[in-house]
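Notes follow the structure.
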Amino acid sequence: MSAHSRPNLPQREAIRYLDGPLLVLAGAGSGKTRVITEKIAHLIEACGLSPGNIAAITFTNKAAREMQERVSRLLAGKSTRGLTISTFHSLGVRILREEVDALGYRPNFSILDATDCFAIVSELAGSADKATIRRLQALISQWKSSLVSPDEARGIARGEYEVLAAEVFANYAATLRAYQAVDFDDLIVLPVALFEKQPALRDKWQNRLRYLLIDEYQDTNVSQYRLLHLLAGPRAAFTAVGDDDQAIYGWRGADVANLRGLPRDYPNLKIIKLEQNYRSTVRILKAANALIAHNEKLFDKKLWSDLGHGEPITVRCCADQEKEAEAVVMKLQAHRFEHRGAFRDYAILYRGNFQARAIERFLRDQRVPYLLSGGQSFFEKTEIKDITSYLRLLTNPEDDPAFLRAVGAPRRGVGSSTLRALGAYAGERHRSLFAAAGEQGFAQRVQAGQLSPLREFCEFIECLRQRACREPAAQVLSALLDAISYEAWLLAQDEMRVARSKWANVREFCDWLGRKGDEERKTLFELTQSIALIGMIDQQDTEIDAVRLSTLHAAKGLEFRHVFLIGVEEGVLPHREAAAENRIEEERRLLYVGITRAQRSLHLSYAEKRKQGREVIPCQASRFIAEMGRENLRFANENSTTVPDRAASAERLSALRAMLAGQTR
DNA sequence: GCACTTTATGTTTTT
DNA sequence: CATAAAGTGC
């Protein structure tokens, strides 16, 4: 999109409209981010609103950071101090921290990630298999984000499974309380509960955040909508920007009904549609429109573009996933050569993270630089979780999940049976594991040989805790790593290469903590609390010239000159489970999001055979390909550009690479 | 009872 | 291929 030109008419209207609540229905690539950023600038410059009175809510930290940068650029040096641009969850943390007394939590509460919560649910559900626990966890999360309490869940639970789930839910909530811990859902749910119970606090925040802007509104869930509603208050000074065709988080409790509910809850709601697309060629938009026309529509809108027809969209059928990966990398190289493009102009998008593996292998073989976004977050890597568990335990000794992890990494003579005994004792006495380990009563239950390593561990933590109150975060961390000989343990545990990469991650984490500690003058305790919310993507350098690999979900909000969309097969996109549960529309929107990421060219591919475990499963093209309209697509055979023989094709790629190397010099 | 080695197993999407 | 449960030496 051309950021230099003036905003078009509806964009200008959306930026300037301040007479009441506003919903901007912004199609893909229609400049919604621009509306939000320029509106923030407008509020500050033209309306004289203090940055501290404005809050913009995004869905990812990355989007928040980008938006912050764009606003700073727009205001050209003028201070944005106090301006809130954050995710719903980060805002939730801020509210929780400030109002922690009113909530009955201690200020050192822990934030648990999905893995910790999984372990808790697993513990409470007894002997259930992994899939069941995941379903339980999902259902509990669904309830929480819909503002259903454990008691209410008991009331609405139907059937054996849901009754069990409601029971687990109640125990789960009590467990979190006991741990002085909150999960991701609580970051929204607790502020909502707080504001509903204490109008004075609600008013305080309403007064502080006098204008709200919400991005990706179609992906809000009930609790987020409720929080927005409470924050906006009777003045209802807000702008919500969304696109019902891009709602792809239904599985997480997001409900497009929140879009429909807006005109109902705010009768004076103004609706502005942005229908001109500044991103893609006509052909790409025609295919996207044709596809999405198969969905039941909430709001009518027609995207158009004046960027010309452009390259035809290609569809390629490949023998299997390997061949697909090879063909895509080949095509990408050839295309880049032909167009004299940069690697960073290309993105390869897919439904599930596992699909990146095959592609990665070929990219690495061919020495194509790439950046993998999504997937496992940096802070979820085992080595980082080990270390952050220590930090969490230092911050909050009640954090039993952190205790359990830290006490076993590295091994220190405290095994599963000692921990079982400790857990049982702590449960009876309503103590945290950490506190229980220090009690006389527990000492009488176990042998001295079992007790001493445990006591030593607790003393070590206590000693470090003292230091953490006085010394800078990075210093405490390096003392910690030293004391537990973490590097040596990694080397003993893993193979050399793995250990070194893990240690490098730990070092990177140290640097990060040191930087944060210096720049933002935050204490170890404050830093520890925010870790769970940060993803690795935030750290990645977006300036690097590399091909982007991303899931369709993680690609939302981004754009690329050339897009390769792989695995457009029945069973993958739409996903098998989703198809079975009649959730086709969301899968269709997911592809729609993928298609509309492309500015200039789009290349779809699928495989006829897919390896699943040991079995080879025959596949067919996704139904969505037909829905895009044959007249908008050009079908190609794998064989027309790819040589079936691996050696020969590798040779071809090498030749091409040599050619490219010569070209760039 | 603890720690380490082997073997089966299985993958939607994320704050 | 990377993680998790079961098996083996100490």
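Computed from a prediction, not measured in an experiment: that's the story for all the values here. Below, chains carry the letters A, B, ... as their sequence lines are ordered, and counting in each starts from 1.
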(message) Taking only side-chain N and O atoms of A/Thr418, does any of them lie within less than 4.0 angstrom of OP1 or OP2 on B/dG1?
(response) no
(message) By nearest atom, which of the nucleotides B/dA3, B/dC2, B/dT15 is closest to the A/Gln450 side chain?
(response) B/dC2
(message) Under 5.5 Å centre to centre and under 30° between planes: does that hold for A/Trp251 and the six-membered base ring of B/dT13?
(response) yes
(message) I need the CD1-C1' distance between A/Ile111 and B/dT14, as an integer number of Å.
(response) 16 Å
(request) Please figure out whether A/Ala578 or A/Thr87 has its closest DNA chain B nucleotide nearer the 5' end. (result) A/Ala578
(request) Whole angstrom is fine here: how far is it from CZ in A/Phe354 over to P in C/dC1? (result) 14 Å
(message) My understanding is that only residues two or more places apart in sequence, or in another chain, count here; which of them pass side chain to side chain contact (heavy atoms under 4.5 Å, CB included) with A/Gln444?
(response) none
(message) What is the separation between atom CZ on A/Arg357 and atom C1' on C/dA2, rounded to the nearest whole Å?
(response) 8 Å
(message) Pick the closest DNA chain B nucleotide for A/Arg583 and for A/Gly413 by heavy atoms, then say which residue is nearer the 5' end.
(response) A/Gly413
(message) Closer than 4.0 angstrom, basic N to acidic O: yes or no for A/Arg252 and A/Asp219?
(response) no
(request) Decide if atom CD of A/Glu581 counts as having more than 12 heavy atoms of other residues, nucleotides or ligands within a radius under 6.0 Å. (result) yes
(request) Tell me which nucleotide among B/dT11, B/dT15, B/dC4 gets nearest to the side chain of A/Ala114. (result) B/dT15
(message) Under 4.0 Å, counting only non-hydrogen atoms across every strand here, what does A/Ser416 touch: a base, just sugar-phosphate, or nothing?
(response) sugar-phosphate
(request) Give A/Arg412 one of three labels, base, sugar-phosphate or nothing, depending on what nucleic acid heavy atoms sit under 4.0 Å from its own. (result) sugar-phosphate
(request) Look at A/Lys323 together with A/Glu326 and state whether they make a salt bridge at an N to O cut-off of under 4.0 Å. (result) no
(request) Find the distance A/Leu591:CG to B/dT13:C1' and express it as a whole number of Å. (result) 14 Å
(request) Take the protein atom CD of A/Gln493 and the nucleotide atom P of C/dT3, then report the distance between them rounded to whole Å. (result) 12 Å
(request) Find the distance A/Asn353:CG to C/dA2:C1' and express it as a whole number of Å. (result) 14 Å
(message) Using a heavy-atom cut-off of 4.0 Å across all strands, would you classify A/Phe88 as base, sugar-phosphate, or nothing?
(response) nothing
(request) Specify the separation, in whole Å, of atom CZ of A/Arg411 and atom P of B/dT5. (result) 12 Å
(request) Give a yes or no on whether the ring-centroid distance for A/Phe362 and A/Tyr370 is below 6.0 angstrom. (result) no
(request) Nearest whole angstrom, please: distance from the C1' of B/dT13 to the CD of A/Gln355. (result) 11 Å
(message) Considering every strand and a 4.0 Å limit on heavy-atom distances, what is the contact class for A/Arg252: base, sugar-phosphate, or nothing?
(response) base
(message) Using the side-chain heavy atoms of A/Thr551, tell me which of these nucleotides is nearest: B/dC2, B/dT11, B/dT14.
(response) B/dT14
(message) Regarding A/Val572, tell me which of base, sugar-phosphate or nothing describes its non-hydrogen contacts under 4.0 Å with the strands shown.
(response) nothing
